[in-house]
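Presented below is the structure to which this report refers.
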Protein chains: 2
Amino acid sequence: MVELHQLEAFEAVVAHRSFTRAAVALHLTQPAVTRQIAALEKELRAPLFDRLGRTVQMTTAGETLHRYAESIVRLAREARHAVADIEAGAAGRVAVGASSTLATYVLPPLLRRFREAYPRVEITVHTGVSAQVLEMVRVNEADIGLVTGDVPDRALTATALADYETVVVVPPSHPLAARSSISASELAGSPLIMMEAGTNLRTYVDGLLSAAGVEEQVTMELDNVEAIKRMIEAELGLSMLPEVSVSAEVASGRLVALKLTGVPHARRRIRLVHRRDKYLPTALQAFMRLLQTAAKNTG
Amino acid sequence: MVELHQLEAFEAVVAHRSFTRAAVALHLTQPAVTRQIAALEKELRAPLFDRLGRTVQMTTAGETLHRYAESIVRLAREARHAVADIEAGAAGRVAVGASSTLATYVLPPLLRRFREAYPRVEITVHTGVSAQVLEMVRVNEADIGLVTGDVPDRALTATALADYETVVVVPPSHPLAARSSISASELAGSPLIMMEAGTNLRTYVDGLLSAAGVEEQVTMELDNVEAIKRMIEAELGLSMLPEVSVSAEVASGRLVALKLTGVPHARRRIRLVHRRDKYLPTALQAFMRLLQTAAKNTG
DNA sequence: TAAAATCCATGCGATCTACGTATGGCAGCG
DNA sequence: CGCTGCCATACGTAGATCGCATGGATTTTA
């Protein structure tokens, strides 16, 4: 079997045109180099050097091998560096699975900060509802996932990041706009613009309202938070949305958010999930730390 | 140290997505493969596979290594084949040093036959006088040399191929043209067209004539056999040339060659020379055999 | 849900390999 | 003709690799 250390010895002999000098360069003794070359020559069934008195010169076979050995040794060196880069976090890839709300309103600034710290790390984001995200992580399509709700899978590790703060969103012209908080029961009779059935958000809101004994008055159903916000701005109704999804409009005065009082929000806990048996490269670890500190600082 | 057999094991695991199946493909046991990968991971300080329950998947570092390992393993395979081709004579390079007479009149048909047998072998021919050719061989610029005269160097091996047959060349219109042979002494008084001083041929001819007690009547001195022949055709004189250099013109009737009688031709022996300590690849050996059989057949 | 099957990791002993030291042989040089 | 420089070889030791046996964990199956 031809081995890399033999090719390195061969290249050293070529470079130094001497077994002895090659041995010095390789921190070996001359007999060791002689045997490496002899092993190569035996394995390839071809002499690689003519031992011409005091000098050595490549044979035709040696020149041929040299052309390949050069590339092989160089590639091996590059491979080491490339892997070291990965390990140092200087390169790599992070695949994140997240709900579209998080992907749209929370991840962008965080990813921007991450990119500044790790500019050569590729980032991919796949969106989906929590169950889909969990599946992505389970089959290793995503390195980590951001999900709401429980994580029943024993193979996955979950750490709580923060809670979705759900707020009631109204247009600035709305009578409620002057208030800062509201209870679920006060929403009875209001025209509600809702996410379409089957989403985590809809299930949660339905639960809130029915617990408060409120009969829903759904005037509109959309599959898209952005669209819902535009509807509210057009004064077609009000809605209950994650605070993160409206903070920009609230700051600019285009929408008003009211705190919901008397509501347990543990059920809307955001969790960071990854496979328990998966190795976490440096870049991935750094990204996870970034998520955790960001969660702590915002609530 | 990263080794080729480890990379092959790594590639096998990647290809089969399983240590066990890789082991079968490599004719090894599974623990052996496990240890190869473990050694790589320790050496590179990076896990290469996530052991996800029943399946294994590459980590980011693994994918990075894979990109390099693929090329490295492929190049190593190609190198083996390339060297084997050289060794089988299917490829390679043959560098010949020869006098210009041999290079011009003898080598072409032989090289043509050689190329038919070994089409992928590169052939280079360097011309020079015998001393130059010997030097080419000595410093390994030429694999073999074709020289006339003695080979004093103990580091070189010489085998006799044939003798230059030196003939007297006259135009068809010349009075001597009707004869088939001539002695050196009969050339007294004839206008001679000679090679320039310092060449082997000139030295030889000078020796011949002075041994026969003939005073030379040199009408012209040229450094080029072709030019001499044109001069003879133009009826400007006659000359003594190697038979091989005029056989084409003799066959077509443009020149007439007369045998020289009473002349020892041992001093114009053509010898095949190569370094004693040089390895002779298959293609080179074949070419040398070709030269020897050609010499035997032509006398 | 318990048993069976599958797969990777690890401990152990034997074998093989690769190294360094010492030494020999050969060519080139004074 | 001895000296020097360089590659090849012999030998003993240290380390590496292999197969076998086995353990631990997960997935599949009954």
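What you are looking at is a predicted structure, and each value in this text was computed from that prediction instead of being measured. Quick note: numbers below take in every heavy atom, side chains included, and nothing from hydrogens, waters or symmetry partners. Lettering follows sequence order; numbering is per chain, from 1.
Separating the CE atom of B:Met1 from the P atom of D:dG15 is a distance of 17 Å, rounded to the nearest angstrom. Note: CG (A:Leu40) to C1' (D:dA8) measures 16 Å, nearest angstrom. Counting to the nearest Å, the P atom of D:dT17 and the CD atom of B:Glu8 are 15 Å from each other. Atom NE2 of B:His16 is separated from atom C1' of C:dC7 by 16 Å (rounded to the nearest Å). Computed from coordinates, the B:Arg154 CZ to C:dC26 P distance equals 12 Å when rounded to whole Å. Residue A:Leu48 contributes atom CG, which lies 11 Å from atom P of D:dA8 at whole-angstrom precision. When the P atom of D:dC7 is taken as reference, atom CG of A:Asp50 falls 14 Å away, rounded to whole Å.
Note that CG of A:Leu280 and CZ of A:Arg275 are 12.0 Å apart. Values are rounded to the nearest 0.5 Å. Taken to the nearest 0.5 Å, the CD atom of B:Gln36 stands 13.0 Å off from the CZ atom of B:Phe10. Separating the OG1 atom in B:Thr148 from the CG atom in B:Asn200 is a distance of 3.5 Å, to the nearest 0.5 Å.
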Pairwise N/O distances under 3.5 Å, protein to nucleotides 1-3 of chain D:
none

Shorter than 3.5 Å, N or O on both sides, protein versus nucleotides 14-21 of chain C: list them out with atom names.
{"unit_1": "C:dC19", "atom_1": "OP1", "unit_2": "A:Gln36", "atom_2": "NE2", "d": "2.7"}
{"unit_1": "C:dG20", "atom_1": "OP2", "unit_2": "A:Thr29", "atom_2": "N", "d": "3.2"}
{"unit_1": "C:dG20", "atom_1": "OP2", "unit_2": "A:Thr29", "atom_2": "OG1", "d": "2.8"}
{"unit_1": "C:dG20", "atom_1": "N7", "unit_2": "A:Arg35", "atom_2": "NH2", "d": "3.2"}
{"unit_1": "C:dG20", "atom_1": "O6", "unit_2": "A:Arg35", "atom_2": "NH1", "d": "3.1"}
{"unit_1": "C:dG20", "atom_1": "O6", "unit_2": "A:Arg35", "atom_2": "NH2", "d": "3.4"}

Scan the side chains in residues 41-48 of chain A for donor-acceptor partners under 3.5 Å anywhere in the protein, sequence neighbours excluded, and list what turns up.
{"unit_1": "A:Glu41", "atom_1": "OE1", "unit_2": "A:Arg51", "atom_2": "NH2", "d": "3.3"}
{"unit_1": "A:Glu41", "atom_1": "OE2", "unit_2": "A:Leu48", "atom_2": "N", "d": "2.7"}
{"unit_1": "A:Glu41", "atom_1": "OE2", "unit_2": "A:Phe49", "atom_2": "N", "d": "3.4"}
{"unit_1": "A:Glu41", "atom_1": "OE2", "unit_2": "A:Arg51", "atom_2": "NH1", "d": "2.9"}
{"unit_1": "A:Glu43", "atom_1": "OE1", "unit_2": "A:Met1", "atom_2": "N", "d": "3.1"}
{"unit_1": "A:Glu43", "atom_1": "OE2", "unit_2": "B:Arg80", "atom_2": "NH1", "d": "3.2"}
{"unit_1": "A:Glu43", "atom_1": "OE2", "unit_2": "B:Arg80", "atom_2": "NH2", "d": "2.5"}

Under 3.5 Å, sequence neighbours excluded: what are the donor-acceptor pairs made by side chains of residues 24-34 of chain B?
{"unit_1": "B:Gln30", "atom_1": "NE2", "unit_2": "B:Thr34", "atom_2": "OG1", "d": "2.8"}
{"unit_1": "B:Thr34", "atom_1": "OG1", "unit_2": "B:Gln30", "atom_2": "O", "d": "3.2"}

Sequence neighbours left out, cut at 3.5 Å: what donor-acceptor pairs do the side chains of residues 71-79 of chain A make with other protein atoms?
{"unit_1": "A:Arg74", "atom_1": "NH1", "unit_2": "A:Glu78", "atom_2": "OE2", "d": "3.2"}

Side-chain atoms of residues 149-157 of chain A: list all donor-acceptor pairs with protein atoms under 3.5 Å, sequence neighbours left out, distances to 0.1 Å.
{"unit_1": "A:Asp153", "atom_1": "OD1", "unit_2": "A:Ala155", "atom_2": "N", "d": "2.8"}

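Of the side-chain N and O atoms in A:Thr20, one or more sit less than 4.0 angstrom from OP1 or OP2 of D:dC7. For C:dC26, neither phosphate oxygen OP1 nor OP2 lies less than 4.0 angstrom from any side-chain nitrogen or oxygen of A:Arg51. Between B:Thr34 and C:dC8 there is no side-chain polar atom (N or O) within less than 4.0 angstrom of OP1 or OP2.
Qualifying side chain to side chain contact (heavy atoms under 4.5 Å, CB included) partners for B:Val139, counting only residues two or more places apart in sequence or in other chains: B:Glu135, B:Glu141. Not counting sequence neighbours, the partners of B:Asp85 by the side chain to side chain contact (heavy atoms under 4.5 Å, CB included) test are B:Ala90, B:Ala91, B:Arg120. Looking at residues two or more places apart in sequence or on another chain, you find a ring-ring contact (aromatic ring centres under 6.0 Å, His included) between A:Phe114 and A:Tyr118, A:Phe287.
Residue pairs meeting the salt bridge (charged side-chain N to carboxylate O under 4.0 Å, His left out) criterion with at least one member in residues 11-21 of chain B, sequence neighbours excluded, do not occur.
Among the atoms of the strands shown, only primed sugar atoms or phosphate atoms (P, OP1, OP2) are found under 4.0 Å from some heavy atom of B:Ser18.
Contact of the A:Leu146 side chain with the A:Leu107 side chain is registered, since non-hydrogen atoms from C-beta on lie closer than 4.5 Å. Counting heavy atoms from C-beta outward, B:Leu7 and B:Leu65 have side chains that approach closer than 4.5 Å.
An angle of 20°, rounded to 10°, separates the two end axes of the helix from C:dT1-D:dA30 to C:dG30-D:dC1, each defined over five pairs.
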**Request:** Let me have a per-nucleotide readout for nucleotides 25-30 of chain D, 5' to 3', with B, S or -, counting only protein heavy atoms under 4.0 Å.
**Result:** -SBS--
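With B:Asp163 as the partner, the salt bridge (Lys or Arg N to Asp or Glu O under 4.0 Å) test is satisfied by one option alone out of B:Arg271, B:Arg269, B:Arg268: B:Arg269.
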